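Take this structure, written in structure tokens, and hold onto it; I'll ask about it next.
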Amino acid sequence: MDDHPVRIVAVDSCIPGRQHGRVDAAALAWLDAILSEARDKPTLLMLHHPPFMSGIPYMDEYRCMDADGLEAVVRAHPQVERVLCGHVHRSMLRRWAGTVVCTAPSTTTEICLQLRPDAAPASVVGPAGCLLHLWDPVHGMVSHLSHIGRFEGPYPFA
């Protein structure tokens, strides 16, 4: 999508029948060409699988594998403001390839934060959420975690 102040580009990292993802050479060439068309326009890049290790051992098996090529393409395009991912049902942020990767929280179960190497896969029902990304031409991109549901409040803020 190119008809807004921020361009949105999506790449399919899914492999049918597999939990992990990958961006192949043809998709990397396409992405580089698409990003080269608008080097001065702020861009959001979306893909399903996060291209980094999370520290949650059983989730790291579900990441975008062999992400060095993807990292090189993104690093070559500093107009990429954010890389937005899902799949891991957790909100995570990481500096990567000269930009920030945000993973979306879950609207259903959330993967447990277990950083032990021997951690057993588990999830919990937590507050559902989504990310809202706000662009300002002067101040840039800010990303908000927004929980979905009804909560006590609002309370006065002094």
Side-chain angles (χ1 to χ4, degrees), residues 1 4 6-28 30-32 34-35 42-135 140-155:
M1 289 180 51
H4 299 287
V6 175
R7 191 172 196 222
I8 300 172
V9 175
V11 173
D12 185 3
S13 61
C14 295
I15 303 170
R18 306 300 298 261
Q19 287 292 333
H20 69 279
R22 183 170 278 116
V23 179
D24 65 21
L28 290 174
W30 175 86
L31 178 60
D32 187 53
I34 290 295
L35 293 174
T43 302
L44 291 176
L45 173 60
M46 301 183 328
L47 65 150
H48 190 70
H49 301 81
F52 63 87
M53 298 284 282
S54 71
I56 302 171
Y58 49 89
M59 288 310 303
D60 287 338
E61 297 173 17
Y62 293 174
R63 73 185 185 281
C64 182
M65 301 293 189
D66 305 319
D68 292 346
L70 179 61
E71 182 176 3
V73 170
V74 172
R75 189 174 298 282
H77 295 279
Q79 78 270 27
V80 176
E81 290 285 332
R82 294 282 188 282
V83 177
L84 307 177
C85 308
H87 194 56
V88 293
H89 289 229
R90 287 200 63 76
S91 180
M92 295 185 291
L93 302 170
R94 177 158 187 242
R95 188 101 177 116
W96 178 82
T99 190
V100 176
V101 180
C102 300
T103 64
S106 177
T107 58
T108 177
T109 58
E110 180 178 277
I111 301 303
C112 291
L113 178 59
Q114 299 187 88
L115 303 175
R116 296 182 329 273
D118 62 342
S123 61
V124 296
V125 175
C130 62
L131 295 175
L132 174 68
H133 308 281
L134 178 64
W135 173 254
M141 180 80 59
V142 63
S143 298
H144 293 269
L145 169 60
S146 179
H147 292 290
I148 300 168
R150 295 187 179 181
F151 305 95
E152 291 185 34
Y155 300 105

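If you read the sequence from its start, that first residue is 1, and numbering goes on from there. Only a predicted model underlies this, so the values are computations on that prediction, with no experimental measurement involved.
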field: Beyond-backbone contact of Met141 with Leu134, side-chain heavy atoms, under 4.5 angstrom
entry: no
Minimum-distance pair of heavy atoms, taken over all atoms of Arg116 and Pro57: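 Result for this residue pair: O-CG, 3.1 Å.
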- prompt: Is the closest side-chain heavy-atom distance between Ile8 and Met46 below 4.5 Å?
  reply: yes
Using atom types as modelled, flag every donor-acceptor pair under 3.5 Å from a side chain in residues 144-155 to any protein atom, sequence neighbours excluded.
{"residue": "Glu152", "atom": "OE1", "partner": "Tyr155", "partner atom": "OH", "Å": "3.1"}

message: side-chain contact (heavy atoms from CB on, under 4.5 Å), that's the test. Do Val74 and Leu45 meet it? Break it down for me.
response: CA-CA 9 Å; Val74 172; Leu45 173 60; 3.7 Å; yes
field: Check: Thr99 and Arg75 side chains under 4.5 Å, non-hydrogen atoms
entry: no
field: Verdict with supporting geometry, Val6 and Glu81, side-chain contact (heavy atoms from CB on, under 4.5 Å)
entry: CA-CA 9 Å; Val6 175; Glu81 290 285 332; 5.8 Å; no
Flag side-chain contact, heavy atom, 4.5 Å: Val9 against Trp30: yes
task: For residues Ala104 and Leu131, report the shortest heavy-atom separation together with the two atoms involved.
output: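 Minimum heavy-atom contact is CA-CD1, 3.9 Å.
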message: On a heavy-atom basis, which atom in Trp135 and which in Pro42 lie closest, and how many Å separate them?
response: CZ2-CG, 3.3 Å
task: Step by step, work out the side-chain contact (heavy atoms from CB on, under 4.5 Å) result for Arg90 and Ile56.
output: CA-CA 11 Å; Arg90 287 200 63 76; Ile56 302 171; 3.4 Å; yes
- request: Specify the closest pair of heavy atoms between Gln114 and Ala120, including all atoms of both residues, with the distance to one decimal.
  value: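 Of all heavy-atom pairs spanning Gln114 and Ala120, the closest is NE2-O, 2.9 Å.
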message: One pair to check against side-chain contact (heavy atoms from CB on, under 4.5 Å): Met65 and Ile15. What are the steps and the verdict?
response: CA-CA 11 Å; Met65 301 293 189; Ile15 303 170; over 6 Å; no
query: Hey, what do you get for CG (Asp66) to CG (Asp68), rounding to the nearest 0.5 Å?
result: 7.5 Å
- prompt: Between Thr109 and Ser123, is there a donor-acceptor pair closer than 3.5 Å when you use the side chain of the first and the backbone of the second?
  reply: no
- prompt: In Å, rounded to the nearest 0.5 Å, how long is the span from CG of Leu44 to OG of Ser143?
  reply: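 Answer for the CG-OG pair, Leu44 versus Ser143, is 8.0 Å.
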field: Donor-acceptor contact below 3.5 Å, side chain Gln19 vs main chain Glu61
entry: no
message: Can you tell me how far apart SG (Cys14) and NE2 (His20) are? Round to the nearest 0.5 Å.
response: 11.0 Å
field: Student check: side-chain heavy atoms of Cys85 and Val101 closer than 4.5 Å
entry: yes
- prompt: CG/Leu28 to CD/Glu71 distance, rounded to the nearest 0.5 angstrom?
  reply: 12.0 Å
- prompt: Nearest 0.5 Å, what's the CZ-CZ distance between Phe52 and Arg63?
  reply: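 That separation rounds to 10.5 Å.
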message: Please check: side-chain N/O of Asp60 versus main-chain N/O of Gly55, any donor-acceptor pairing under 3.5 Å?
response: yes
query: Between Val88 and Ile111, which heavy-atom pair has the shortest distance, and what is it?
result: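 Distance-wise, the nearest heavy atoms are O-CG1, 3.0 Å.
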field: Pairwise side-chain contact, Asp32 with His77, heavy-atom cut-off 4.5 Å (strictly under)
entry: yes
- request: Identify the two heavy atoms, one from Leu115 and one from Ser54, that lie closest to each other, and give their separation to 0.1 Å.
  value: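 Closest approach of Leu115 to Ser54, heavy atoms only: CD2-O, 4.5 Å.
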Gap separating the CZ atom of Arg82 from the OG1 atom of Thr43, nearest 0.5 angstrom: 12.5 Å
query: Does Leu35 offer a backbone N or O that forms a donor-acceptor pair with the side chain of Gln79 under 3.5 Å?
result: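 Flag set: sc Gln79 to bb Leu35 pair under 3.5 Å.
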field: Any side-chain donor near an acceptor of the partner, His49 and Ser13, under 3.5 Å
entry: yes
